[in-house]
Amino acid sequence: MKWPTHGANPQFLYKALHLDMPETVIDFSANINPIGPPATVKNRWNELFSLVSDYPDPTAERLTGLLSKQEGVRKEQILVGNGGAELISLVGRLLTGKKVLIVQPAFSEYEEACRVNQCEVRYHLMDVDRWELRIDELLVSLREVDAVFLCNPNNPTGMFFPKHTIEVLARECARYGTLLIVDEAFYDFIEEYESIVSCLQHCENMIILRSMTKMFSIPGIRLGYLMANEALLAKIRESKPHWSVNAIAMKVGEWCLSESDYIEQTIQLIKKERERLQSFYRDQEFSYSPSNVNFYLLKDTKVSDPFPFFRFLMEKGMIPRHTMNFPGLDGKWLRLAIKGENEHERLLEVMSAWRRLDS
Ligand SMILES: Cc1ncc(COP(=O)(O)O)c(C=O)c1O
């Protein structure tokens, strides 16, 4: 069977499993803010129509200026892209033919972007039994490669490595001339996030990737940005299609940057729901990853074959993300997004029904 390579678009998963898609489903396979886009986006939607007939600003000057203020870096250090996904593929191009280490399990696009650019791909596997990075071994392995990808907060585990860990990695990468790429697509879900942007000052060889589609619930619009030193960024920019970021995405992005209350409300909602789910899972003897963000890994410890559990959830319209293409997980876990109270009422009913089956 050919498993879909990403979450979202659940029709492909049902098709692959030869299952009929129920009329109502809840998609836990995409890690998007359950609140939906900020109210401003809806309220000002009509203003976007006036942008449709002009070419977008290929330099995204206004948005870049706002990001530069927010992050405390020069405009020349920021590249706005058509989602984090476009920026990852540009980084892949930069790495053509190089040796690249990917800290796994991680977002599958890193490997995809490297392979199409003839990179030699190596893995550093995190210890998912202990939920540890195994940093000592990572520090040794990164000496032997040209670049290392770290997803932090980590997709799919939801774990977060603090600034200190990144500083240690950045220092070691600087020593050996290894490019460190830190994907912070979910950084804004971390309650006590401490910015690593200052590392760019000491580390020439560092790229920080951000997505705006998760927190602001705009995956259909596509928006992300990358930060690096000016020379490196200029090189990455060379391969970017001229108008790849559309005018609507840029304008929505500008609005989203002043939504600090919305971010805080999201963080609190996710925290409350995460604690509620974890309490249920503990009582019912499911295992879960120590997530700090809006998704987590889940496993039924009472069964050895995870597939019937996965299929049961799908049949009930609760769509998890399979982990078949996450090295180190190999399908043993399921990844689920954290959503709102109503969705979780339904999810926990279905989980309870599953538990009753084996009692
Ligand atoms: C870790 C990570 N990075 C980057 C992306 C790309 O996000 P987008 O292209 O929607 O900005 C994703 C999407 O799921 C992701 O999980």
Side-chain angles (χ1 to χ4, degrees), residues 4-10 12-13 27-34 36-37 60 63 67 78-92 100 102-114 126 148-161 166 180-190 193 196 207-227 236 240-241 244-246 248-250 252-253 256-257 270 289 291-297 319-323 325-329 333-339:
T5 51
H6 291 83
N9 313 117
F12 298 120
L13 188 55
D27 186 4
F28 292 94
S29 75
N31 303 323
I32 301 302
N33 187 336
L63 179 57
L67 286 167
I78 298 177
L79 180 64
V80 173
N82 185 283
E86 183 192 33
L87 298 165
I88 291 167
S89 85
L90 295 180
V91 173
V100 182
I102 302 177
V103 178
Q104 296 278 18
F107 186 46
S108 61
E109 288 292 311
Y110 312 148
E111 179 159 0
E112 197 68 23
C114 289
M126 286 167 43
V148 53
F149 273 96
L150 178 73
C151 186
N152 190 40
N154 175 262
N155 173 10
T157 64
M159 288 158 64
F160 176 64
F161 308 111
I166 307 301
L180 174 62
I181 305 133
V182 185
D183 181 355
E184 293 198 318
F186 295 95
Y187 84 102
D188 35 13
F189 288 89
I190 297 287
Y193 173 77
I196 59 164
I207 295 174
I208 302 172
L209 282 161
R210 299 264 179 88
S211 167
M212 292 181 72
T213 69
K214 285 92 176 48
M215 171 54 78
F216 299 111
S217 188
I218 52 167
I221 288 181
R222 324 290 309 122
L223 193 63
Y225 57 99
L226 173 156
M227 292 176 282
I236 297 170
K240 184 178 165 293
S244 66
V245 185
N246 72 72
I248 293 176
M250 283 187 249
V252 169
C256 286
L257 289 184
I270 298 293
S289 59
S291 169
N292 297 101
V293 288
N294 60 325
F295 54 86
Y296 56 97
L297 291 174
I319 304 163
R321 163 72 156 94
H322 71 83
T323 59
N325 62 336
F326 283 113
L329 298 181
W333 295 81
L334 299 177
R335 193 195 70 198
L336 285 96
I338 296 180
K339 295 193 162 267

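One-based numbering, in listed order, for ligands and for the atoms of each. Computed over heavy atoms, backbone and side chain alike; hydrogens, waters and symmetry mates excluded. Residue numbers run from 1 in the order of the sequence given.
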Can you tell me which residues line ligand 1 if we count any heavy atom under 4.0 angstrom from one of its atoms, in chain and number order?
Gly83, Gly84, Ala85, Ile88, Phe107, Tyr110, Cys151, Asn155, Asp183, Ala185, Phe186, Ser211, Thr213, Lys214, Arg222, Leu223

Ring centres of Tyr187 and Phe160 under 6.0 Å apart?
no

Using the test side-chain contact (heavy atoms from CB on, under 4.5 Å), find all partners of Pro4 that sit at least two apart in sequence or belong to another chain.
Phe12, Leu13, Ala16, His322

Answer yes if the side chains of Arg335 and Asn155 hold a donor-acceptor pair under 3.5 Å, and no otherwise.
yes

Atom OG in Ser211, atom CD in Glu184: separation rounded to 0.5 Å?
12.0 Å

Donor-acceptor contact below 3.5 Å, side chain Ser289 vs main chain Thr157:
yes

Before you tell me yes or no, could you show the steps for Phe295 and Phe186 under ring pair (Phe, Tyr, Trp, His ring centres under 6.0 Å), namely the whole-Å CA-CA distance, both residues' side-chain angles and the distance that decides it to 0.1 Å?
CA-CA 10 Å; Phe295 54 86; Phe186 295 95; 4.8 Å; yes

